[in-house]
2 protein chains.
Amino acid sequence: MDERTLEKALARAEALCAERGVRLTPQRRRVLELVCRAGHPIGAYDILSQIREGAAAAPPTVYRALDFLLEQGLVHKLETLHAYIGCTHPEHPHSSQFLICADCGDVTELEDESIVGSLRTAAAETGFKPSRPIVEVIGTCANCALKPPRK
Amino acid sequence: MDERTLEKALARAEALCAERGVRLTPQRRRVLELVCRAGHPIGAYDILSQIREGAAAAPPTVYRALDFLLEQGLVHKLETLHAYIGCTHPEHPHSSQFLICADCGDVTELEDESIVGSLRTAAAETGFKPSRPIVEVIGTCANCALKPPRK
DNA sequence: TTGCGGGACGTTATAAAGTTACTTTTGATT
DNA sequence: AATCAAAAGTAACTTTATAACGTCCCGCAA
């Protein structure tokens with residue numbers, strides 16, 4: 001993520017938190033910044049070691065900030081990667097789907113109504129009430145499909 | 001899973017492995033048995049401690065067996081739970097979806113064509129080639145929706 | 001028969017991800 | 001200024017997973 005986009009994302013996060021009456025503290029802001037700056041999924045301990053370049057810190061520091069950011073929908077957790085990524089459209093709560101390229105590591109966030117719909121329908125058939133639908137598709141992105149795999 | 005069903009599942013696994021020319025060794029069979037017997041998602045270290053009731057064992061023993069069983073489609077891994085569950089229809093390779101009850105812990109395995117279809121369509125739009133679609137829906141099952149939550 | 005090669009398994013150690021429990025600080029509100 | 005809760009600091013620890021290396025056993029070819 002380039003500096004301009006980053007600035008915008010942070011400003012938007014500030015605004016959203018203010019609106020919601022929750023506190024985007026310097027720590028939380030810092031973690032959000034690191035996640036966004038990475039531009040790809042980043043692990044909690046990677047965040048931690050970057051924070052440690054400037055100050056002492058321990059795992060709970062990072063996990064607490066991440067918990068807050070996840071609650072606010074400012075970042076997403078990719079369960080299959082044990083890694084976190086900035087949300088591309090935090091304005092409204094939503095359930096996203098992720099396309100994860102196993103080759104280059106890039107991740108695309110989708111908000112596809114037809115996926116959400118088919119999930120809802122299938123769940124409803126069994127009387128199941130979804131609260132958090134996780135959709136992470138591992139595969140090969142368009143770019144990487146064109147060229148031979150790295151390595 | 002009751003004894004009869006378990007016996008059938010193991011016999012089916014034997015047959016499938018024979019057909020495919022791969023070896024369902026006693027270790028692998030034992031791990032499959034423990035996963036199936038549990039009847040709900042079970043962690044690698046839970047399996048390990050059950051194995052240890054009968055013999056010395058270390059984590060790689062379990063993880064190697066699980067890797068094999070996953071490859072053969074005899075068990076599934078639930079990424080959000082870090083746990084494993086026996087496949088309910090291992091005959092053909094397939095991509096499953098899981099409904100995970102956050103209240104009682106029960107898991108339902110679906111094979112819903114409309115979910116698979118919408119995923120494929122959405123991926124195709126971006127030129128993405130899916131290889132392993134992960135769908136795990138956290139929520140409340142029909143039973144638990146009726147009664148107040150445990151705890 | 002010997003000896004090679006590969007797959008399965010044993011063993012030790014360690015990495016990676018996440019949590020618990022408790023203390024201290026901060027900051028908004030009375 | 002006193003208070004109370006949310007946030008952050010700190011140390012220890014748990015859980016999940018992998019690395020690296022050695023051994024055993026079996027099938028097969030020389």
Side-chain angles (χ1 to χ4, degrees), chain A residues 13-14 17-18 20-35 38 40-72 74-85 105 134 136 138, chain B residues 13-14 17-18 20-35 38 40-72 74-85 105 134 136 138:
Chain A
E14 298 268 20
C17 288
R20 295 172 187 170
V22 297
R23 297 171 52 197
L24 186 63
T25 63
Q27 289 264 25
R28 292 166 173 176
R29 196 189 138 101
R30 175 83 176 121
V31 169
L32 177 59
E33 182 186 336
L34 290 171
V35 170
H40 55 84
I42 181 175
Y45 278 73
D46 288 345
I47 297 170
L48 182 57
S49 62
Q50 288 190 248
I51 288 179
R52 279 176 168 160
E53 287 168 13
T61 296
V62 171
Y63 283 105
R64 286 195 280 236
L66 287 172
D67 285 346
F68 171 85
L69 297 170
L70 288 167
E71 268 170 29
Q72 296 304 319
L74 296 168
V75 309
H76 293 293
K77 176 170 190 183
L78 295 168
E79 297 286 346
T80 51
L81 301 180
H82 304 289
Y84 304 83
I85 192 170
I134 310 279
E136 299 179 15
I138 320 290
Chain B
E14 298 268 19
C17 287
R20 294 171 187 169
V22 297
R23 299 171 51 197
L24 186 63
T25 63
Q27 288 264 25
R28 292 166 174 176
R29 196 188 138 100
R30 174 85 177 118
V31 169
L32 176 59
E33 182 186 336
L34 290 171
V35 170
H40 55 84
I42 182 176
Y45 278 75
D46 289 342
I47 298 170
L48 182 57
S49 61
Q50 289 192 245
I51 288 181
R52 279 176 168 161
E53 286 169 14
T61 295
V62 170
Y63 282 104
R64 286 196 279 235
L66 286 172
D67 285 347
F68 170 85
L69 297 170
L70 288 167
E71 269 170 27
Q72 297 304 319
L74 295 169
V75 309
H76 293 294
K77 176 172 189 181
L78 295 168
E79 296 286 347
T80 52
L81 301 180
H82 303 290
Y84 304 82
I85 193 171
I134 311 280
E136 298 180 15
I138 320 290

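Below, all heavy atoms of this structure are taken into account, side chains as well, without hydrogens, waters or symmetry copies. Sequence lines set the chain letters: A, B, ... in the order given, protein chains first and strands last, and positions in each chain run from 1.
In this structure, Arg29(B) atom CZ and dC9(C) atom P are separated by 14 Å, rounded to whole Å. Between the NZ atom of Lys77(A) and the P atom of dA17(C) there is a distance of 10 Å, rounded to whole Å. Taking atom CG of residue Leu48(A) and atom P of nucleotide dG18(C), one finds them 12 Å apart after rounding to whole Å. In this entry the distance linking CG of Leu24(B) with C1' of dG7(C) reads 15 Å, nearest Å. Rounded to whole Å, the distance from CG on Leu66(A) to P on dA17(C) is 12 Å. In this structure, Ile47(A) atom CD1 and dG18(C) atom P are separated by 10 Å, rounded to whole Å.
Going from atom OH of Tyr84(A) over to atom CG of Leu69(A) covers 11.0 Å, rounded to the nearest 0.5 Å. Rounded to the nearest 0.5 Å, atoms CG (Leu34(A)) and CG (Leu48(A)) are 10.5 Å apart. The CZ atom of Arg28(B) lies 7.0 Å from the CZ atom of Arg23(B); values are rounded to the nearest 0.5 Å. Once rounded to the nearest 0.5 Å, the distance linking CD of Gln50(B) with CZ of Arg30(B) reads 7.0 Å. With rounding to the nearest 0.5 angstrom, the CG atom of Leu81(B) is 9.0 Å from the CD atom of Glu79(A). Leu66(A) CG to Thr61(A) OG1: the interatomic distance, rounded to the nearest 0.5 Å, is 11.0 Å.
Each of Arg28(B) and Pro59(B) has a nearest nucleotide on DNA chain C; the 5'-most of these lies closest to Arg28(B).
A nucleotide of DNA chain D counts as in contact with chain B when one of its atoms lies under 4.0 Å from a heavy atom; the first and last such, 5' to 3', are dT16(D) to dA19(D).
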Show your working on side chain to side chain contact (heavy atoms under 4.5 Å, CB included) between Phe68(A) and Val31(A) and close with a plain yes or no. CA-CA 10 Å; Phe68(A) 171 85; Val31(A) 169; over 6 Å; no
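Within 4.0 Å of Phe68(B), counting heavy atoms only, lies no atom of the nucleic acid at all.
Between Tyr63(A) and the phosphate of dA16(C), there is no side-chain N or O to OP1/OP2 separation shorter than 4.0 Å.
Ring geometry for Tyr45(B) against Tyr63(B) counts as perpendicular: the plane angle is over 60°, on a 0 to 90° scale with 30° as the lower cut.
Residues meeting the side-chain contact (heavy atoms from CB on, under 4.5 Å) test with Ser49(B), sequence neighbours left out: none.
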Nucleic acid footprint by protein, nucleotides 20-30 of chain C - heavy-atom cut-off 4.0 Å, B for base, S for sugar-phosphate alone: B------S---
